[in-house]
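Input: a single structure, listed below in structure tokens.
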Protein chains: 2
Amino acid sequence: MRRKVTLKQIAKELDVSISTVSKSLRDSPEISEDTRLKVQAFAKLYNYKPNNIALSLKNKKTKTIGIIIPEIVHHFFATVISGIEQVANECGYNVIVCLSDESFDKEVINMEMLANGSTDGFIMSLSKETQQKKDFHHLQEVINQGMPVVLFDRISNDILCDKVIIDDQLAAYEATNFLISKGLKKIALLTTVDYVSVGKLRTDGYLNVLHDHGIEVDESLIIRIEDTEHCDEKINELLENKSVDAILAVNELFAVTAIKLAMAKGIKIPEDLSVVAFTDGIISKYSTPTITTISQNGIKMGRKAAEMLIKRLELEDEEDEHYKTEIIETNLIIRESTKS
Amino acid sequence: MRRKVTLKQIAKELDVSISTVSKSLRDSPEISEDTRLKVQAFAKLYNYKPNNIALSLKNKKTKTIGIIIPEIVHHFFATVISGIEQVANECGYNVIVCLSDESFDKEVINMEMLANGSTDGFIMSLSKETQQKKDFHHLQEVINQGMPVVLFDRISNDILCDKVIIDDQLAAYEATNFLISKGLKKIALLTTVDYVSVGKLRTDGYLNVLHDHGIEVDESLIIRIEDTEHCDEKINELLENKSVDAILAVNELFAVTAIKLAMAKGIKIPEDLSVVAFTDGIISKYSTPTITTISQNGIKMGRKAAEMLIKRLELEDEEDEHYKTEIIETNLIIRESTKS
DNA sequence: TTTCAACACGAAAACGTTTTCGAAAGGTTT
DNA sequence: AAACCTTTCGAAAACGTTTTCGTGTTGAAA
């Protein structure tokens with residue numbers, strides 16, 4: 001077992017000083033060619049690589065990005081990480097991933113953990129609990145310390161920092177509009193409880209388009225699902241008691257569940273019922289029928305978030321304070337679950 | 001903007017030495033209660049937290065686990081990360097994730113990057129290219145340096161280290177056996193090319209069970225799919241030219257694709273064709289019909305891998321050299337895609 | 001012969017910790 | 001009063017880098 005070699009060991013072995021070794025390896029003109037080549041050869045032989053931790057301590061930069069998200073077994077979040085990792089990699093950064101598990105406490109703990117020197121900045125999406133409590137002191141703390149933070153998807157306007165989102169409201173508007181343009185009128189909405197920022201925005205978009213078309217809002221067509229547990233129950237209730245033409249679901253899971261339940265009742269899709277879902281994930285692509293979705297380009301979101309963060313990191317001194325909110329465009333991917 | 005406070009600053013402010021501050025905060029009996037309380041109060045006021053980087057450098061431990069996997073937008077790998085993160089969190093470790101993107105070069109680069117002090121050990125699953133080239137020098141290098149490595153799922157017997165896998169061969173055997181027990185004889189296999197370790201093992205299990213039942217192997221029923229591009233094409237060919245009773249697919253994607261293509265041809269599932277897939281992911285659970293799968297408990301694999309790695313890390317000195325291979329049990333989750 | 005520049009290298013500080021050891025001050029024992 | 005012990009603290013080393021500054025040697029110019 002050959003442990004990693006350090007500058008000190010090389011110096012000792014070659015009977016020169018540590019500084020000479022360091023300078024030689026960095027091709028400093030201060031060092032004579034003789035010594036330089038000798039040191040470089042020796043370093044290569046022993047496969048010397050500078051210790052990252054020591055560099056981080058010296059430079060006060062870790063070249064590491066902290067990602068804190070609610071969960072990772074989730075197609076959208078996985079794609080975002082993938083996007084972040086792409087640009088991080090291109091720029092020589094590593095990513096360290098923490099999961100809040102939708103818990104406020106875990107989010108705080110993870111953040112404090114990473115904030116003590118482990119990362120240069122954060123990219124995060126808020127946990128449900130955090131959005132509900134509206135307690136952002138952990139984020140504020142980190143920002144006050146001068147660490148850049150980029151929020152994506154599940155954001156809060158109470159926090160001043162860079163953000164990257166999709167225009168949830170507009171997307172919901174357009175998707176619903178698409179359904180209306182197909183002559184559908186009784187459009188149900190499967191959404192989450194309102195404290196989830198994106199759920200609220202999507203609901204707003206839905207409400208606006210109905211209003212703009214002079215369609216009266218039937219509150220009983222808006223199903224707010226808290227957890228996936230009572231999902232089936234609530235959807236069944238809707239399908240049995242109401243005659244609906246179409247469904248807009250704020251995520252794939254609600255959509256595919258609704259489709260399954262409907263088909264079980266002999267309701268034909270898309271003939272009797274059209275379905276559109278947010279989040280273009282695996283399920284929509286492979287379910288039967290395939291589901292028309294609003295694509296939420298996770299890769300692009302991740303890439304954008306990483307670019308914004310790294311830009312701030314490399315700018316360093318210039319505390320711009322001029323925070324931006326980037327909007328990633330969505331598009332409707334039309335598949336089999338909607339009438340053509 | 002209040003930057004993080006250090007021991008030195010506290011020391012200066014309180015007009016004591018750095019050592020005194022450090023000792024006070026760690027409740028050393030060397031320090032008088034007066035000074036101790038004074039320092040602690042001050043530290044609390046300024047929210048002092050030790051700098052992780054400095055600690056890492058001093059302790060020669062980063063409390064960080066490096067994860068290198070082929071991709072993250074993949075249900076199985078995401079669940080494994082989730083499992084790793086769980087125990088890592090419980091044990092006070094962080095995880096830093098790198099994606100090899102199925103590329104040998106990226107795997108090597110990421111590994112060398114992290115090996116220079118960034119992590120205490122690795123948990124990885126080999127990229128396709130690495131398995132094909134059978135070049136493991138980067139792993140060997142790291143292991144020689146005394147860093148523990150745990151391989152999962154896509155492993156190689158050429159590398160001496162801890163491993164955690166499922167018994168792919170047995171699982172394939174049992175799944176195929178299940179199909180045979182339902183009276184099915186003409187069982188096709190949708191697999192990957194042989195250099196992917198798990199693909200090979202699953203194929204072997206399939207072959208063994210046929211042999212044990214005295215069923216002759218029809219090579220034309222074994223479809224080796226290199227990339228997803230020609231997936232449809234090859235499966236269509238099979239369905240058109242051969243009469244098959246059942247299909248065993250080494251992943252969900254092949255299975256759901258086969259089901260879709262079959263249904264398009266009017267083949268009824270499971271009446272005319274039974275389908276079993278490896279990997280119990282999202283697709284199997286939500287496709288129509290739902291798919292019978294061999295569950296590959298990613299969470300448990302991740303947890304196990306993390307436990308093995310951390311155990312080695314905490315053991316530290318005792319270089320056991322006694323590497324273990326843990327086998328995670330699988331079970332057949334019977335759903336709608338197979339006859340009952 | 002003196003002065004000075006160029007060259008080649010080393011010492012030391014710095015990053016933020018922890019820990020070992022030494023030492024001053026005060027009190028207690030002979 | 002001398003010797004010794006306790007208490008309380010500080011100096012310094014160590015982890016592995018990079019970088020600034022100083023210094024000794026050489027050769028050339030005056």
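What you see is a predicted model, and the numbers here were worked out from it, not measured in a lab. A, B, ... follow the sequence lines: proteins, then strands. Residue 1 opens every chain.
- Contact check on Glu107(A) versus Lys128(A) returns no salt bridge, with no Lys/Arg side-chain nitrogen under 4.0 Å from an Asp/Glu carboxylate oxygen.
- Along DNA chain C, the nucleotide nearest Ile18(B) and the nucleotide nearest Leu57(A) are compared for position; the residue whose nucleotide lies closer to the 5' end is Leu57(A).
- Nucleic acid contact for Lys4(A): none, since no nucleic acid atom lies under 4.0 Å from a heavy atom of the residue.
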Should Arg154(A) and Glu102(A) be marked as a salt bridge (charged side-chain N to carboxylate O under 4.0 Å, His left out) after you check the CA-CA gap, both sets of side-chain angles, and the distance that decides it? CA-CA 11 Å; Arg154(A) 300 224 216 125; Glu102(A) 303 285 13; 2.8 Å; yes
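- Contacts of Thr6(B) with the nucleic acid, taken as non-hydrogen atoms under 4.0 Å apart, involve only primed sugar atoms and P, OP1 or OP2.
- Across all strands, Leu7(B) comes closer than 4.0 Å to base atoms (heavy-atom distances).
- Atom P of nucleotide dT18(D) and atom CD1 of Ile10(A) are separated by 11 Å, given to the nearest angstrom.
- Rounded to an integer number of Å, the gap from CZ of Arg3(B) to C1' of dC15(C) is 14 Å.
- Atom C1' of nucleotide dT17(C) and atom CD of Gln9(B) are separated by 14 Å, given to the nearest angstrom.
- Aromatic ring pairs are classed by plane angle as parallel below 30°, tilted from 30° to 60° and perpendicular above 60°; the pair Phe77(B) and His74(B) is tilted.
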Working note: Val87(B) + Lys304(B), criterion side chain to side chain contact (heavy atoms under 4.5 Å, CB included); need CA distance, chi angles, decisive distance, verdict. CA-CA 9 Å; Val87(B) 303; Lys304(B) 193 50 155 178; over 6 Å; no
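- Put simply, CZ on Arg26(A) is 18 Å from P on dC9(C), counting in whole angstrom units.
- No N or O donor and acceptor, one from the side chain of Lys8(A) and one from the base of dT17(D), sit under 3.5 Å apart.
- Contact between the side-chain N/O atoms of Lys23(A) and the OP1/OP2 oxygens of dT20(D) is not found at any separation under 4.0 Å.
- In this structure, Ser32(B) reaches the sugar-phosphate backbone alone: every heavy-atom distance under 4.0 Å involves primed, P, OP1 or OP2 atoms, never a base.
- Between Lys61(A) and dC15(C) there is no side-chain N or O to OP1 or OP2 distance below 4.0 Å.
- If you measure from atom CD of Glu30(A) to atom C1' of dA5(C), you get 16 Å, rounded to the nearest angstrom.
- Atoms CD1 (Ile53(A)) and C1' (dT18(D)) sit 16 Å apart, rounded to a whole Å.
- Across all strands shown, Lys58(B) has heavy atoms under 4.0 Å from base atoms, whether or not it also approaches the sugar-phosphate.
- Taking atom CZ of Arg36(A) as the reference point, atom P of dC7(C) lies 14 Å away to the nearest angstrom.
- Note on Ser22(A): a base of the nucleic acid sits closer than 4.0 angstrom, heavy atoms only.
- Counting atom types as modelled, Ser17(B) pairs no side-chain N or O with a base atom of dA11(D) as donor and acceptor under 3.5 Å.
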Residue pair Glu90(A), Arg303(A): steps toward the salt bridge (charged side-chain N to carboxylate O under 4.0 Å, His left out) verdict: CA-CA 11 Å; Glu90(A) 291 163 12; Arg303(A) 291 192 65 98; 3.4 Å; yes
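- Between Val5(B) and Tyr48(B), the closest heavy-atom pair is O-CD1, 3.3 Å.
- Heavy atoms of Thr35(B) sit under 4.0 angstrom from primed sugar atoms or phosphate atoms, though from no base atom.
- Considering only the side chain of Ile31(B), dC9(D) comes nearest among dT18(C), dC9(D), dG16(C).
- Regarding Lys60(B), its NZ atom lies at a distance of 10 Å from the P atom of dT17(D), rounded to whole Å.
- Comparing dG10(C), dG16(C), dT18(D) by their nearest atom to the side chain of Val16(A) picks out dG10(C).
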